[in-house]
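Input: a single structure, listed below in structure tokens.
Chain naming here is simple, since letters A, B, ... match the order of the sequence lines and numbering starts at 1 in each.
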Number of protein chains: 2
Amino acid sequence: MPDSLRRFKADIFQALAHSTRIAILELLSDGELSAGVLIEKLGMEQANVSQHLGVLRAKHLVVNRKAGNQVFYSVRDRTIIEVLQLMRRYFHTQLKETSDMLDELDKPLEIVH
Amino acid sequence: MPDSLRRFKADIFQALAHSTRIAILELLSDGELSAGVLIEKLGMEQANVSQHLGVLRAKHLVVNRKAGNQVFYSVRDRTIIEVLQLMRRYFHTQLKETSDMLDELDKPLEIVH
DNA sequence: CAATTACATTCGAATATGCTAATATTCAAT
DNA sequence: ATTGAATATTAGCATATTCGAATGTAATTG
């Protein structure tokens, strides 16, 4: 497999590598929503959400449609939703295999010596 | 869905968000390989590959088995391989939809004037 | 016990990412 | 034309990632 394809994949994974962007894609999985509704449902700063939408747009994971004052977003390809679902399955498998996993999640903070 | 689960997913995606780590997982998809063989097949710096293996280990995407002098790595859960395969399908879909995609891929290299 | 092989870890510099606050832009309505 | 609402962009700072160079650590061999 050519490295260009791997870089493409890595780019997509990078776009998925943030809980807010995952939340956005999940919210959009049932159909399009305006930026305003997304901001409201996420309960986060407008600029912050807009930046995350910008990342998803840049990687073509979402498309946007302007309607007057508003901008409606939707997922471009359902395959991405499938990836997220596969990930959930992965989570459950791992949960069964190692219950330490949850402790591990908190670890990054322990780096403070 | 709780945010902790999204953060877990994001963490895994972060681990996948590098072409070298994707290459490692692909190389391991047919069975375990020693760190040395991985380094050789990747043709990269020993320390660099070891660091990437460290990331994959930290996120439990791979497990390692010590045998004397060597360390053998293998993917912990095939689901991750499935995610990579889904991603390949995604790539092909996108390729059909927008041929600009390839231009986008080469862009970073064109910085050399 | 050297010396070597196979990996891992640490350090430091470069680059990338994420956030808030502030500012722009774009369309709508008065 | 002004104002207001919805969204995007920029600036600046803090933190994270990535890399090569150097160093550390086990196990192996002589």
Checklist line | CA sep, side-chain torsions, deciding dist, call: R65(A), Y73(A), side chain to side chain donor-acceptor pair (under 3.5 Å) | finding: CA-CA 6 Å; R65(A) 171 178 75 82; Y73(A) 282 89; over 6 Å; no
Check: Which whole-number value in Å describes the distance from N64(A) CG to dT26(C) C1'?
Finding: 14 Å
Margin query: With ring-ring contact (aromatic ring centres under 6.0 Å, His included) as the rule and sequence neighbours excluded, what pairs involving residues 16-55 of chain A come up?
Written below: H18(A)-H52(A)
Notebook entry, point to check: Phosphate oxygens OP1/OP2 of dC19(D): is one of them under 4.0 Å from a side-chain N or O of H52(B)?
Noted result: yes
Next item on the list: Describe the nucleic acid contact of T20(A) in one word from base, sugar-phosphate, nothing, applying a heavy-atom distance below 4.0 Å.
Entry: nothing
Checklist line | Pair D11(B) + R7(B), salt bridge at N-O below 4.0 Å | finding: no
Item checked: R88(B) with E26(B): basic N within carboxylate O range, under 4.0 Å -> no
Check: Hey, is the side chain of N69(B) pairing donor to acceptor with the base of dT28(D) inside 3.5 Å?
Finding: no
Check: Rounded to whole angstrom units, what separation is found between the CG atom of L38(A) and the P atom of dT7(D)?
Finding: 9 Å
Next item on the list: Could you check how far CD of E45(A) sits from P of dA22(C), rounded to whole Å?
Entry: 11 Å
Note to self: Judged by each residue's nearest nucleotide on DNA chain D, which is more toward the 5′ side, Q14(A) or Q70(A)?
What the structure shows: Q70(A)
Notebook entry, point to check: What is the nucleic acid contact for F72(B), judged by heavy atoms within less than 4.0 Å: base, sugar-phosphate only, or nothing?
Noted result: nothing
Next item on the list: Let me know, please, whether A67(B) or A17(B) comes out on the 5' side of the other along DNA chain D by nearest nucleotide.
Entry: A17(B)
Margin query: Over all strands shown, is A47(A) touching base, sugar-phosphate only, or nothing at heavy-atom distances under 4.0 angstrom?
Written below: base
